[in-house]
Amino acid sequence: MNSLERILRATRLEPVDRTPLVPQLFGHAAVCAGLSLRDYLHDGEALAHAQIRARERYRTDAVFAFLDFGVEAEALGAQLSFGDDRYPDVVGCVLGADDDPARLRLPEPASAGRMPVCLRALRTMRQRLGDSALVAGAVAGPMTASAQLYGIENALFLAIDDPPRLAAALDFSTRLAIRYGLAQLDAGAHAVIVFDPAASPAVVPPGFFREFLAPRLGRVLAALRGGGAAFTWLNIAGPTAGILDCYAHIGADVATFDYYLSAAEASRLLPRTCLAGNLKSLDFLDAAPDVVKREARGLVAAFGGRGGFLLSSGCEIPPEAAAGNIAAMAAALNED
Amino acid sequence: MNGPHSSGPSTEAAFQPLVDALLVGDHKLAAAVAQHLIEQGCSREQVVTDGLEHAMGLLDDKCTVESFNLLEIMLVGRAVSAVVRVLYPDGYAPTEGRATFVIATLEGDVHDLGKNIVRMVLAGKGFRVVDLGRDCPVDDLVGAAQREGAAAVLVSGLISPVVSQVRKLRPALRACGLAHVPVVAGGAALKQLRPEALDVDYVAENAFDGAHYLERHVSGAPTT
Ligand code: B12
């Protein structure tokens, strides 16, 4: 059973030879390869090679062409500020509080901003790995993209002051995610993860999620499936207990859950969906390898009876994470 | 329902429309009502104490760790800011607030929603808050603490790389002769750690919890 087969079987809740290891290693791959984050985020070829090396190092089952949450806004003209060892920040928003999103045109993924960096990385990774391991792309979900276009506070105030305008921004962001996601599938991604951190109950109430975000996320996932994705994956960090049950209706085959929820709670809310999680991101920095290993083994045991589990972190593993802690997570599987 | 009040029933009635506008988060109405109160001869201090602080107290009672509606708090915060702009178009002067705090998110961290809420809550409680924004170097924050005569330094941290920067704050303050100025931390990354691990005086669970600590500190009450 190779890495991709293992993951595909897990997404269908079928038996696997061992739990797939799919930690959210993004910028950490740059650190492992001795690259600055700035270079990693601008050079698709370098990103691809760094991802492949990180996979070899920790013997994981997947590689990711995830850049950062500035990509979509930048492709529409937002100004970003980069640093050598930090993710970029949107410094000039595309839309002012009173602007109508109708004036935006969908970007061309082949040429807009750094979208080509992602596409290039996917092409290279797929060429190198073929169908031996999961090659995953990434898009920002509608709420996160809208937050990056307006600035998160302005976007949230629109929910109260001018709901139709926010709805228009969310609709535009939905089309944006679909277009960028389909381009990633064309470039060789097996699947495209939809990240929507700003849709988290840490930010918007669950009622808002159900009414405004769930239908649009559903459209994104359906379009990706229609575009040939091997499966769909929704990734929202934070305390998602109040929304996780709707992921099944939204059409997510894989659902990420963060450390705020236990494995039992997540399984109860999504009994027939493959779950990915939920090691605490910060533990990869500060905790001892033994702690990470114990937590990882606990998770594997918790899903033992049910299957449908990808061992991962609840959010990104910080770029500066201790290698020993990531290795400890992998070691937890090898001793099964 | 109204809480216990110091200024007598007539003032309470006069300020009720302002408190109501604040609590429903109507920033335009709140600003207009505040303007009207000033024109009626109320002092700015009275509007802060009987309007803003009273409304904040009521919101505070409602917001427990379990029930915390971010959007609702942001709307109240926006209304508070609108009233503060009516009262003090250039912000609270250093001599006007109950005390001055400096706040920032540190270098490399772009999350600022939480920081902005803390700023608004404290402004609503009558404090002057100097906001250095996000992606702020430790030295700039310490420099501001010195310049502004800050009664406390506040940091909000959502991503892990800021942890090591937070640990540099106290030594940097000490080097400027500000060893007595407490450091209060909050935000998703920092609140996973204990005060000793961050070398700070207090780690707040949420904005109101932090505000309680700061109120105790400023009033000289025991903080633990
Ligand atoms: C929204 C969000 C974003 C938005 C931020 C928009 C903005 N302008 O703020 C966007 C999409 C841009 C974003 C980007 C990223 N994010 Co983000 N994001 C979130 C999310 C979902 C919510 C954060 C939030 O706003 N919460 C709401 C506010 C109100 O809560 P709060 O900040 O905790 O504040 C409250 C209290 O803590 C307190 N408080 C806060 N500060 C202070 C300070 C003091 C003094 C006091 C008294 C109180 C106090 O008061 C507030 C009200 O009570 C969290 C998940 C989570 N559960 O927190 C991830 C999260 C913070 N993000 C994370 C990550 C990894 C990122 C990225 C690095 C992803 C990437 N690879 O690009 C980038 C960051 C880039 C950078 N350089 O910083 C991780 C951080 C992991 C880690 N430990 O390092 C988190 C924790 C997800 C997770 N579960 O792991 N993100």
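Sequence lines set the chain letters: A, B, ... in the order given, protein chains first and strands last, and positions in each chain run from 1.
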*Asks:* Under a 4.5 Å cut-off applied to non-hydrogen side-chain atoms, are A:Leu80 and A:Asp89 in contact?
*Replies:* no
*Asks:* Under 4.0 Å between a side-chain nitrogen and a carboxylate oxygen: does that hold for A:Asp283 and A:Lys280?
*Replies:* no
*Asks:* Given a strict heavy-atom distance threshold of 4.5 Å, which part of B:Asp135 is in contact with chain A: side chain, backbone, both, or neither?
*Replies:* side chain
*Asks:* In terms of heavy-atom proximity below 4.5 Å to chain B, should A:Asp161 be classed as side chain, backbone, both, or neither?
*Replies:*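 Side chain only.
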*Asks:* Looking at B:Asp60 and B:Lys125, does any basic side-chain N land under 4.0 Å from a carboxylate oxygen?
*Replies:* yes
*Asks:* Any non-hydrogen side-chain atom of B:Asp209 less than 4.5 Å from a side-chain atom of B:Tyr202?
*Replies:*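 Result yes, sub-4.5 Å side-chain heavy-atom pair found.
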*Asks:* Could you have a look at B:Arg78, B:Met74, B:Glu72 and say which one has the most heavy-atom pairs with chain A under 4.5 angstrom?
*Replies:* B:Arg78
*Asks:* Taking every heavy-atom pair that is under 4.5 Å apart, which of B:Pro161, B:Gly114, B:Ser160 has the most such pairs with chain A?
*Replies:*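 Of B:Pro161, B:Gly114, B:Ser160, B:Ser160 has the most heavy-atom pairs under 4.5 Å with chain A.
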*Asks:* Under a 4.5 Å heavy-atom cut-off, does chain A meet the side chain of B:Leu75, its backbone, both or neither?
*Replies:* both
*Asks:* Would you call B:Glu215 and B:Arg98 a salt bridge, taking side-chain N to carboxylate O under 4.0 Å as the test?
*Replies:*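 The answer is yes: the pair qualifies as a salt bridge.
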*Asks:* Is it the side chain or the backbone of A:Phe69 that comes within 4.5 Å of chain B heavy atoms, both, or neither?
*Replies:*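 Contact with chain B is absent: no heavy atom of A:Phe69 under 4.5 Å.
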*Asks:* Is it true that B:Asp199 and B:Arg167 have a side-chain N and a carboxylate O under 4.0 angstrom from each other?
*Replies:* no
*Asks:* What part of A:Leu156 is in contact with chain B, defined as an atom under 4.5 angstrom from a non-hydrogen atom: side chain, backbone, both or neither?
*Replies:* both
*Asks:* Which bit of A:Ala321 comes within less than 4.5 Å of chain B, counting heavy atoms only: side chain, backbone, both or neither?
*Replies:* neither
*Asks:* Is A:Glu153 in contact with chain B via its backbone, its side chain, both, or neither, using a 4.5 Å heavy-atom distance?
*Replies:* both
*Asks:* Pick one of side chain, backbone, both or neither for A:Val203, based on which atoms fall under 4.5 Å of a heavy atom in chain B.
*Replies:* both
*Asks:* Are any of the side-chain heavy atoms of A:Asp258 and A:Ile236 separated by less than 4.5 Å?
*Replies:* no
